[in-house]
Chemist: 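Please see the structure below; I have some questions.
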Amino acid sequence: MLSRISQLGARLLRENRAAGSLASSTTSYYRGQLSRRFVPTKNILFSTATTSSDRDDSSQSKEKISVTFVNKDGTEQTISVPVGMSMLEAAHENDIELEGACEGSLACSTCHVIVMDVNYYNKLEDPTDEENDMLDLAFGLTETSRLGCQVIAKPELDGMRLALPAATRNFAVDGFVPKPH
């Protein structure tokens, strides 16, 4: 969509410049239309890209929350998660064995996590129909089960504990354990 808007803007600029140099009746029509809608006083260029230093500064200033993952063997690993990041991404960045076969596209249930405290579970957004459909396929489903790709860090979730189920159901490749992304 953004590309289409950019193309339209570039076309308007070209037509506006052409309207000033050509004297055909069609150009005159466009000149009149453009002068009513678009009268640039100077050339202004816009960009949606950020530099790497912009991203580094914003990520350092982001608030972080503490989340504890309880592994299949019962060991616990507490990590800091930036607000706005999914638990699936956070697990992968911290080498926690949370599969995520579909890479967060809501097409599997391999990132199934169990919120260990009902109070934290109640602070989460309600699961969508698509998430519930995938959770129906999850191994070891509980009342507080969610998909890690849909649990997004926010300040009120600070201190949350997530348990990893004993197994996952990956219908694409049974028995294969992929490397974290």
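Numbering starts at 1 and runs along the sequence shown. As the structure is a computational prediction, the values presented were derived from the model and not from experiment.
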Chemist: Which distance, rounded to the nearest 0.5 Å, do you find between the CD1 of Ile79 and the CD1 of Ile65?
Modeler: 9.0 Å
Chemist: Give me the atom names and distance for the closest heavy-atom approach of Ala107 to Cys102.
Modeler: N-SG, 3.4 Å
Chemist: Above 12 or not: heavy atoms from other molecules or residues under 6.0 Å from CD of Glu76?
Modeler: yes
Chemist: To the nearest 0.5 Å, how far apart are OG in Ser145 and CG in Asn132?
Modeler: 10.5 Å
Chemist: Between the main-chain N or O of Glu89 and the side-chain N or O of Ser86, is there a donor-acceptor pair closer than 3.5 Å?
Modeler: yes
Chemist: Mind running side-chain contact (heavy atoms from CB on, under 4.5 Å) on Leu135 and Ser109 for me, showing each step along the way?
Modeler: CA-CA 6 Å; Leu135 280 170; Ser109 63; 5.8 Å; no
Chemist: Among Leu162, Leu157, Thr144, find the one that has a side chain to side chain contact (heavy atoms under 4.5 Å, CB included) with Tyr120.
Modeler: Leu157
Chemist: Rounded to the nearest 0.5 Å, how far apart are CG of Leu147 and SG of Cys108?
Modeler: 7.5 Å
Chemist: Return a table of donor-acceptor pairs under 3.5 angstrom between the side chains of residues 149-156 and protein atoms on other chains or two or more places apart.
Modeler:
from, atom 1, to, atom 2, distance (Å)
Lys154, NZ, Lys123, O, 2.8

Chemist: In the single-linkage hydrophobic clustering (I, L, V, M, F, W, Y; side-chain heavy atoms under 4.5 Å), do Val70 and Leu141 co-cluster?
Modeler: no
Chemist: Can you tell me if Thr128 and Glu131 form a side-chain donor-acceptor pair at under 3.5 Å?
Modeler: no
Chemist: I'd like to know if Val67 and Leu164 are part of one continuous hydrophobic network [Ile/Leu/Val/Met/Phe/Trp/Tyr, side-chain heavy atoms within less than 4.5 Å].
Modeler: yes
Chemist: Among Met160, Met87, Glu93, Lys64, which residue meets the side chain to side chain contact (heavy atoms under 4.5 Å, CB included) test with Val81?
Modeler: Met87
Chemist: What's the spacing between Leu98 CG and Thr110 OG1 if we round to 0.5 Å?
Modeler: 7.5 Å
Chemist: Look only at the side chain of Asp117 and the backbone of Asn119, and say whether a donor-acceptor pair between them is shorter than 3.5 Å.
Modeler: yes
Chemist: Taking CD in Gln77 as the centre, count heavy atoms belonging to other residues, nucleotides or ligands within less than 6.0 Å. Is the count above 12?
Modeler: yes
Chemist: Quick check: closest heavy atoms across Pro82 and Ser80, and the distance to 0.1 Å?
Modeler: CD-O, 4.1 Å
Chemist: Using a 3.5 Å distance criterion without hydrogens, assess whether the side chain of Asp73 forms a donor-acceptor pair with backbone atoms of Thr75.
Modeler: yes
Chemist: To check you understand the geometry: which heavy-atom pair defines the closest contact between Leu88 and Cys111, and what is its length?
Modeler: CD1-CB, 3.8 Å
Chemist: For Arg146 versus Leu124, what's the shortest heavy-atom pair and its separation?
Modeler: NH1-CB, 3.5 Å
Chemist: Is Tyr121 reachable from Met116 through a run of I, L, V, M, F, W or Y residues, each pair having side-chain heavy atoms under 4.5 Å apart?
Modeler: no
Chemist: Are Phe69 and Phe139 joined in one hydrophobic group, where the rule is that I, L, V, M, F, W and Y side chains link up if heavy atoms are under 4.5 Å apart?
Modeler: no
